[in-house]
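Remarks on the structure that follows.
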2 protein chains.
Amino acid sequence: MDAITSPPSGSAAQRIEAELRRAIISMAHPPGSRLSEQDIAATYGVSRQPVREALIGLARTRLVEILPQRGTVVVKISTRKMMEGRFVREAIETAVARRAAESFDPAARVRIDDLLDLQQKVAQRNDHTAFQRYDELFHIALAEGAGCAMAWQAVSDIKAHMDRACHLTLTNAETMLELVEQHRAIMAAVDACNPAAAAEAMHCHLREILRALPKVEAEHPDLFE
Amino acid sequence: MDAITSPPSGSAAQRIEAELRRAIISMAHPPGSRLSEQDIAATYGVSRQPVREALIGLARTRLVEILPQRGTVVVKISTRKMMEGRFVREAIETAVARRAAESFDPAARVRIDDLLDLQQKVAQRNDHTAFQRYDELFHIALAEGAGCAMAWQAVSDIKAHMDRACHLTLTNAETMLELVEQHRAIMAAVDACNPAAAAEAMHCHLREILRALPKVEAEHPDLFE
DNA sequence: AGAACCATACTACCATACAAGACGACAGTC
DNA sequence: GACTGTCGTCTTGTATGGTAGTATGGTTCT
């Protein structure tokens with residue numbers, strides 16, 4: 001049942017990177033805020049070295065920017081880059097959906113129904129964090145079921161940025177329930193073995209996600225670059 | 001003219017990571033070989049710390065695998081993973097080619113012709129390394145010209161793995177010249193503003209690259225997993 | 001002879017200390 | 001008053017020592 005709380009994996013550096021990643025995506029560290037190696041090290045009770053490695057990892061996913069000898073800051077949200085990211089994600093995930101409709105692992109299929117039910121529950125509770133976690137699990141399961149788990153690797157970084165923005169756009173339960181319905185629509189096309197419909201459903205799904213972005217940019221201009 | 005030799009950028013860690021990356025892709029460190037932090041540190045005349053950060057970076061791109069408290073090894077080539085990677089890369093790059101045919105930055109357009117001429121030259125000289133570098137520059141320029149530079153970010157890691165395999169498959173000048181011709185075919189479709197043709201040309205191009213992979217796996221089974 | 005056991009040499013990992021660059025405040029000068 | 005040079009304090013970057021875990025080879029017991 002605790003598939004949602006990822007365990008404190010392996011090294012301290014990995015653990016801290018995961019923690020910081022969550023904190024950044026959930027806006028606990030808002031865009032533009034500074035991240036001091038020393039402060040974080042003190043917070044987590046470790047040395048600067050693992051913190052440094054964690055920040056390097058986050059910099060690689062473009063969630064933070066390390067300015068040499070100056071400091072590390074959480075990158076601001078860029079609508080333009082977000083749209084570019086959507087383009088790439090759309091290219092990958094529509095291809096995955098198409099392949100899923102051609103052949104899908106039956107074992108993964110039943111798991112997805114469970115995921116969607118759980119996602120619907122947390123959506124009704126208006127629980128952002130759990131919702132996004134199940135959203136991620138859905139897309140992972142879809143890629144794995146289609147036999148291209150590696151595709152997720154390429155998408156995960158982009159999705160992290162999107163999820164951060166969605167913490168501003170996903171304000172009510174209705175919107176989240178809509179997204180769950182879109183997930184079900186994708187699976188319906190997959191079950192019908194209709195590649196074109198699956199790709200189209202995924203296309204609409206990804207289009208919907210960032211629809212409200214320009215509005216929140218006007219509301220929170222300080223979070224954007 | 002020295003656009004091919006990337007400068008020793010910023011920190012020692014980044015410099016060493018770039019060096020190791022080149023060495024791995026060019027098979028100077030063959031798949032399966034061990035990479036000791038200490039040895040590399042001594043080789044490059046630096047401490048173990050920047051080497052460690054470099055190895056962590058390479059592990060993130062799946063070029064090496066860090067086994068905690070045991071050692072770091074160059075990952076072996078996996079035909080299955082390579083095919084999965086091609087699937088993802090195909091999804092992204094055909095979308096890029098399609099968009100390029102819809103609208104392309106004129107300034108980037110002229111640069112590409114220069115790149116292709118240079119690539120043809122080094123192909124005639126049978127210079128693997130330079131060829132792959134210009135190949136990379138071509139795909140980057142195409143993405144930038146199409147206005148989705150971020151797409152390259154998602155492709156670069158996959159291409160690194162492919163390039164490593166291609167060091168085994170690209171043995172003669174003829175094959176390289178064929179690939180240049182495929183590049184020109186893509187650009188012809190772009191110039192003709194024919195998205196479908198551009199995507200199809202890219203599709204064929206990426207299909208060709210790994211065609212000889214099963215053969216080299218039979219010849220060098222020790223390099224594969 | 002075979003197998004369990006232990007010492008040793010290796011590894012990645014973390015903590016600490018030091019170095020070098022960047023920014024801001026302040027004093028001195030024109 | 002505006003400009004400039006210098007010093008102090010922040011930051012990240014690098015070096016080094018020490019720790020825990022793993023594999024390996026020799027040894028001892030059965």
Could you state the atom-to-atom distance from [atom1] of [X] to [atom2] of [N] in whole Å?
| X | N | atom1 | atom2 | result |
| --- | --- | --- | --- | --- |
| I56(A) | dT14(D) | CD1 | P | 9 Å |
| L67(A) | dT11(D) | CG | P | 13 Å |
| R70(A) | dG21(C) | CZ | C1' | 11 Å |
| L55(A) | dT11(D) | CG | P | 13 Å |
| L35(A) | dC10(D) | CG | C1' | 16 Å |
| Y44(B) | dA15(D) | OH | C1' | 19 Å |
| Q38(B) | dA9(C) | CD | P | 14 Å |
| I66(B) | dT22(D) | CD1 | P | 16 Å |

| query | Does the dG18(D) base have a donor-acceptor partner in the side chain of R48(B) within less than 3.5 Å? | reply |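 When only heavy-atom distances are counted, R48(B) does reach the base of dG18(D) through a donor-acceptor pair under 3.5 Å.
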
Under 4.0 Å from OP1 or OP2 of [N]: is there any side-chain N or O of [X] that close?
| X | N | value |
| --- | --- | --- |
| S36(B) | dC10(C) | no |
| S11(A) | dA12(C) | no |
| R52(B) | dC13(C) | yes |

| note | Checking dT11(D), dA12(C), dT14(D) against the side chain of T72(B) (C-beta onward), the nearest is dA12(C)

| said: Taking A149(A)'s backbone N and O only, do any of them form a donor-acceptor pair with E84(B)'s side chain (distance below 3.5 Å, no angle check)? | reply: yes

| request: Verify, without hydrogens or angle tests, whether H161(A) (side chain) and D157(A) (backbone) share a donor-acceptor contact under 3.5 angstrom. | output: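 Yes.
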
| Full working for side chain to side chain donor-acceptor pair (under 3.5 Å) between H183(B) and H205(B) | CA-CA 8 Å; H183(B) 284 176; H205(B) 176 51; 3.0 Å; yes

| Side chains of M176(B) and Q120(B) in contact at under 4.5 Å (non-hydrogen atoms) |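 Counting from C-beta outward, M176(B) and Q120(B) never come under 4.5 Å.
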
| said: Let me spell it out: for each of Q69(A) and S47(A), pick the nucleotide of DNA chain C with the closest heavy atom. Which residue's pick is nearer the 5' end? | reply: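 Its nearest nucleotide lies further toward 5', so the answer is S47(A).
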
| Checking all strands, does I16(A) fall into the base, sugar-phosphate, or nothing category for heavy-atom contacts under 4.0 angstrom? |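 Counting heavy atoms under 4.0 Å across all strands, no contact is made by I16(A).
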
| query | NA contact type, Q49(B), heavy-atom cut-off 4.0 Å: base, sugar-phosphate, or nothing? | reply |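 Base: the residue Q49(B), judged by heavy atoms under 4.0 Å, touches a nucleobase.
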
| Candidates V74(A), L55(A), I25(A) - the one meeting side chain to side chain contact (heavy atoms under 4.5 Å, CB included) with L20(A) | L55(A)

